[in-house]
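Below is one structure; the comments refer to it alone.
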Amino acid sequence: MKALENQFITFLNGKKQFIIPIYQRTYSWSHEQCEQLWNDIVCTATNERATIHFFGSIGYIQYGRLIAGGVMPLLVIDGQQRLTTLSLLLIALAKAAKDSSTPLMMSHEDIHDSYLINKYSKGEEYYKLLLTQSDKDNLIALIDDPEHAKATLPTHRLLENYVYFENRIRQGDVDPFTLYAGISRLMIVEISLDKDHDHPQLIFESLNSTGLALSQADLIRNYVLMGLNNEEQIKLYKKYWYPMEQSFLHRGDSCQFDRFMRDYLTIKQASIPNLDQVYVTFKTYHRRIGATPICEIMADIERYALHFVKMASRMEEDYEIRRVLDDINTLKVEVAYPFLLKVYDDYTHKLLSREDFIAILKLVESYMFRRAICGIPTNSTNKTFAALAKEVNEEHYLISVEAAFLRKDSHQRFPKDEEFRAAFLVKDVYNFRSRNYLLRKLENSDTKEPMTIEEYTIEHIMPQNEHLSFEWQRELGPNWKEVHARYLHTIGNLTLTAYNPQLSDRPFQEKRNMEGGFRQSHIHLSRGLAEVEHWNEEAIKKRAEALADLAVKVWAASRYVEYEIGTGNNGYSLQDHLWHMPFDIRGIFERLRKRILNLDSSVREEFRKSYIAYSATTDFLEIEPQKKRLLLTLNINSGEINDPKGLSKNCKHTGHFGSGEVQVSVTSLVQVEDVMDLIHQAFEKLMEEVWA
């Protein structure tokens with residue numbers, strides 16, 4: 001590496017061409033940076049004591065071979081924003097010299113031929129600066145004919161900044177030659193790198209400290225592509241990185257690319273980097289997988305980026321999946337994205353069904369909403385989701401996710417129905433951050449034609465006005481102040497309406513009976529109000545109970561969280577068995593359990609220390625979970641059972657749990673239908689004895 005001070009215009013002069021690599025970001029300096037440059041140049045030009053002004057560094061690598069008499073190609077790795085902006089100023093200055101009606105101490109040719117073009121070269125070598133992507137053609141158009149470019153080119157950053165400089169020169173605050181003198185005093189550090197001995201990326205990082213800071217995604221892009229030859233850079237950039245940049249650009253939030261890269265690294269490393277350390281973390285990750293080809297890494301990143309954009313930007317084509325993703329995004333639970341990206345990727349690879357994917361999305365939604373209602377702190381939720389993917393068994397995907405949520409306790413817990421319901425009844429819903437989401441979900445819970453609640457306003461059935469009318473005081477009873485304070489903003493007292501100004505503080509009966517009132521309302525949340533005679537504490541609590549019952553269904557818990565509630569008289573619960581049940585055996589058990597409980601409403605389930613019993617009046621079946629199978633004991637004589645496939649055996653004279661003498665070993669889901677036939681026989685035998 002060689003570094004030396006040089007005048008900017010001296011550095012620019014000569015048969016050179018500065019090429020911006022395709023992986024570099026497009027031109028991005030704004031009006032503010034251009035104004036600062038203008039002021040620095042004018043100050044340097046007009047201050048007699050200021051002989052030079054340091055303008056930063058420009059680093060480059062000689063690109064390709066120099067043919068005798070040809071143009072020297074230089075690949076710019078740092079300084080493109082400064083180089084491009086000064087070129088725009090020189091274009092404007094050359095045009096001012098050309099248009100001037102009075103002789104100047106410089107000419108259009110002095111500037112144009114020395115600093116903007118290589119006069120005797122042809123093709124692209126004619127231009128001293130070649131930008132990347134669409135910027136290249138736009139800059140060439142400005143160099144060739146600024147007026148024509150202004151009239152024909154669409155608005156973009158290059159054109160806007162050129163026009164800014166042109167207008168400043170036209171204002172005449174400083175004459176063009178003085179401005180040219182200021183530019184001639186600009187000094188740079190010219191850094192020439194040897195591609196065979198220097199490490200361009202490390203030098204780039206040390207130089208990237210001035211101007212408009214690069215994003216974490218920009219730094220990663222440069223790091224990935226900089227070590228490749230030009231042909232590979234162009235191929236990989238166009239195939240993978242450019243489509244990603246465009247998809248995030250269309251979202252209108254460039255920071256999302258950085259956030260995605262953080263989520264991607266969280267998936268890959270199961271730990272969460274700080275947003276400003278994403279680039280450093282990526283380098284560590286890349287060193288760890290150093291044997292993986294760059295093209296495979298970029299393909300992997302692009303695949304997850306597509307998932308991210310689909311999830312975050314309503315681009316998922318499946319309507320039902322998109323609806324659940326919209327709900328998750330409404331809750332602003334970005335912390336769940338690393339886990340959801342992994343599940344989304346597994347879904348696209350058919351590791352889980354569409355139905356299970358939707359179930360997991362809804363489970364995440366319920367987990368976050370229940371916790372918000374219960375007021376559980378969220379400061380560690382990002383760590384919960386970062387590690388959740390490690391608990392997934394891909395052969396039994398949904399079951400393993402549900403079980404993983406079940407295992408969370410303390411501040412990570414999935415609130416059970418009782419806790420959620422109790423908090424929901426007393427929650428200040430009106431001042432809740434997600435109140436519109438909450439009301440929308442309740443309102444649309446049983447319809448296939450969802451309503452947009454933003455068209456309506458929230459109605460307090462019991463008015464907000466603390467100075468309640470006499471009618472309302474009488475309606476609420478002698479303790480009306482306490483009732484008003486306790487229930488005003490809770491779910492029992494809230495509904496939706498398009499007639500808020502008309503309803504106002506009217507007495508309840510008027511609100512119910514008037515035109516547009518509760519009796520005429522098509523709002524589902526207002527159903528039932530038409531039959532209410534008095535709106536008091538009892539009515540509010542009764543309505544709240546009904547809506548809480550609905551909320552438990554809308555934001556359903558994991559099935560295992562619900563099962564845990566059903567602890568038997570002996571102190572054992574289903575959870576005691578699930579803890580030790582392998583995922584494949586758990587899947588078989590779940591399928592059997594559902595079928596058994598659906599045999600008849602009289603069937604009861606009891607959890608005992610070593611097995612699970614199913615009974616009507618007495619046991620007809622015991623299930624003992626084991627490491628590689630479910631061992632079923634049927635309370636039926638071996639001589640009475642019809643078993644054409646020979647699944648059962650007589651265990652009368654062997655030690656076993658339960659009171660039956662027929663045992664069946666279940667190791668696969670494909671056995672469920674045949675095993676259920678045997679279980680049904682045992683159940684029917686018991687029913688015959690009961691009715692005999």
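Heads up: numbering here begins at 1 and tracks the sequence.
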Closest approach of [X] to [Y] (non-hydrogen atoms, all atoms of both residues):
{"X": "Trp472", "Y": "Met462", "result": "CH2-CA, 3.8 Å"}
{"X": "Val309", "Y": "Ser247", "result": "CG2-OG, 3.7 Å"}
{"X": "Glu32", "Y": "Ser30", "result": "OE1-OG, 2.9 Å"}
{"X": "Tyr319", "Y": "Pro450", "result": "OH-CG, 4.0 Å"}
{"X": "Gln216", "Y": "Gln277", "result": "OE1-C, 3.9 Å"}
{"X": "Glu391", "Y": "Ala404", "result": "OE1-CB, 3.6 Å"}

Handout entry: Distance-only donor-acceptor check, side chains Arg608 and Tyr611, under 3.5 Å
Key = yes

Backbone N or O of [Y] within a donor-acceptor pair of the [X] side chain at under 3.5 Å?
{"X": "Ser400", "Y": "Tyr397", "value": "yes"}
{"X": "Asn536", "Y": "Glu538", "value": "yes"}
{"X": "Glu443", "Y": "Ile523", "value": "no"}
{"X": "Arg322", "Y": "Glu316", "value": "yes"}

Presence of salt bridge, [Y] and [X], under 4.0 angstrom:
{"X": "Glu606", "Y": "Arg604", "value": "no"}
{"X": "Glu334", "Y": "Arg262", "value": "no"}
{"X": "Lys342", "Y": "Glu394", "value": "yes"}
{"X": "Arg440", "Y": "Asp326", "value": "no"}
{"X": "Glu320", "Y": "Arg354", "value": "yes"}
{"X": "Arg303", "Y": "Asp300", "value": "yes"}
{"X": "Arg221", "Y": "Asp218", "value": "yes"}

Practice task
Apply salt bridge (charged side-chain N to carboxylate O under 4.0 Å, His left out) to Glu673 and Arg591, showing your working.
Solution key: CA-CA 10 Å; Glu673 286 298 328; Arg591 186 76 61 85; over 6 Å; no

Problem - Pair Trp241 and Phe257, ring centroids less than 6.0 Å apart - result: yes

Only distances under 3.5 Å count here; give the side-chain donor-acceptor pairs of residues 541-555 to other protein atoms, sequence neighbours excluded, each with its distance to 0.1 Å.
{"residue": "Arg543", "atom": "NH1", "partner": "Ile491", "partner atom": "O", "Å": "3.1"}
{"residue": "Arg543", "atom": "NH1", "partner": "Gly492", "partner atom": "O", "Å": "2.9"}
{"residue": "Arg543", "atom": "NH1", "partner": "Leu494", "partner atom": "O", "Å": "2.9"}
{"residue": "Arg543", "atom": "NH2", "partner": "Leu494", "partner atom": "O", "Å": "2.8"}
{"residue": "Arg543", "atom": "NH2", "partner": "Leu525", "partner atom": "O", "Å": "2.8"}
{"residue": "Glu545", "atom": "OE1", "partner": "Arg421", "partner atom": "NH1", "Å": "2.8"}
{"residue": "Glu545", "atom": "OE1", "partner": "Arg421", "partner atom": "NH2", "Å": "2.6"}
{"residue": "Asp549", "atom": "OD1", "partner": "Arg421", "partner atom": "NE", "Å": "2.9"}
{"residue": "Asp549", "atom": "OD1", "partner": "Arg421", "partner atom": "NH2", "Å": "2.6"}
{"residue": "Trp555", "atom": "NE1", "partner": "Tyr437", "partner atom": "OH", "Å": "2.8"}

Looking at [atom1] of [X] and [atom2] of [Y], how far apart are the two atoms once the value is rounded to the nearest 0.5 Å?
{"X": "Asp619", "Y": "Ile612", "atom1": "CG", "atom2": "CD1", "result": "12.0 Å"}
{"X": "Lys427", "Y": "Leu438", "atom1": "NZ", "atom2": "CG", "result": "10.0 Å"}
{"X": "Phe620", "Y": "His680", "atom1": "CZ", "atom2": "NE2", "result": "9.5 Å"}
{"X": "His484", "Y": "Gln464", "atom1": "NE2", "atom2": "CD", "result": "7.5 Å"}
{"X": "Leu529", "Y": "Arg519", "atom1": "CG", "atom2": "CZ", "result": "10.5 Å"}
{"X": "Phe405", "Y": "Leu363", "atom1": "CZ", "atom2": "CG", "result": "5.0 Å"}

Problem - Audit row: Tyr285, Gln269, side chain to side chain donor-acceptor pair (under 3.5 Å) steps and yes/no - result: CA-CA 8 Å; Tyr285 166 69; Gln269 302 197 139; over 6 Å; no

Exercise for the section: Run the numbers on Glu365 and Lys441 for salt bridge (charged side-chain N to carboxylate O under 4.0 Å, His left out), then give the verdict. Expected result: CA-CA 12 Å; Glu365 179 189 358; Lys441 292 281 287 186; 3.0 Å; yes

Exercise for the section: Verify side chain to side chain contact (heavy atoms under 4.5 Å, CB included) between Tyr614 and Leu597, making sure each step is shown before the conclusion. Expected result: CA-CA 8 Å; Tyr614 294 90; Leu597 292 174; 4.1 Å; yes

[X] and side-chain contact (heavy atoms from CB on, under 4.5 Å): which partner among [options]?
{"X": "Leu361", "options": "Asp356, Leu340, Asp327", "answer": "Leu340"}
{"X": "Pro338", "options": "Ile267, Ile272, Leu388", "answer": "Ile267"}
{"X": "Val343", "options": "Thr348, Ile360, Val401, Val392", "answer": "Ile360"}

Exercise for the section: Assess whether salt bridge (charged side-chain N to carboxylate O under 4.0 Å, His left out) is satisfied between Arg370 and Asp417, documenting all intermediate values. Expected result: CA-CA 9 Å; Arg370 285 190 175 212; Asp417 288 353; 2.8 Å; yes

Practice task
Could you walk me through whether Phe518 and Lys511 pass the side chain to side chain contact (heavy atoms under 4.5 Å, CB included) test, one step at a time?
Solution key: CA-CA 6 Å; Phe518 303 139; Lys511 288 188 173 187; 3.6 Å; yes

Practice task
Assess whether side chain to side chain contact (heavy atoms under 4.5 Å, CB included) is satisfied between Phe357 and Ile321, documenting all intermediate values.
Solution key: CA-CA 8 Å; Phe357 179 46; Ile321 294 175; 3.8 Å; yes

Exercise for the section: Take atom CD of Glu515 as the centre, draw a 6.0 Å sphere, and report whether it contains more than 12 heavy atoms from other residues, nucleotides or ligands. Expected result: no

Exercise for the section: For side chain to side chain donor-acceptor pair (under 3.5 Å), just list the numbers for Gln509 and Arg512, CA-CA rounded to whole Å, side-chain angles, deciding distance to a tenth of an Å, and then say yes or no. Expected result: CA-CA 5 Å; Gln509 287 80 6; Arg512 183 191 62 193; over 6 Å; no

Problem - Side-chain heavy atoms of Met368 within contact of Thr381, under 4.5 Å - result: yes

Exercise for the section: Just do the side chain to side chain contact (heavy atoms under 4.5 Å, CB included) check on Ile585 and Leu630 with the steps written out, would you? Expected result: CA-CA 7 Å; Ile585 301 303; Leu630 293 175; 3.4 Å; yes

Handout entry: Ring geometry between Phe248 and Phe308 (parallel below 30°, tilted from 30 to 60°, perpendicular above 60°)
Key = tilted

Practice task
Please state whether the rings of His307 and Tyr344 are parallel, tilted or perpendicular, taking 30° and 60° as the class boundaries.
Solution key: parallel

Problem - CA sep, side-chain torsions, deciding dist, call: Asp258, Tyr279, side chain to side chain donor-acceptor pair (under 3.5 Å) - result: CA-CA 9 Å; Asp258 285 0; Tyr279 169 54; over 6 Å; no

Problem - Phe470: side-chain contact (heavy atoms from CB on, under 4.5 Å) partners, not counting sequence neighbours - result: Arg474

Exercise for the section: Sequence neighbours left out, what passes side-chain hydrogen bond (donor to acceptor under 3.5 Å, both in side chains) with Glu482? Give chain and number order. Expected result: Arg486

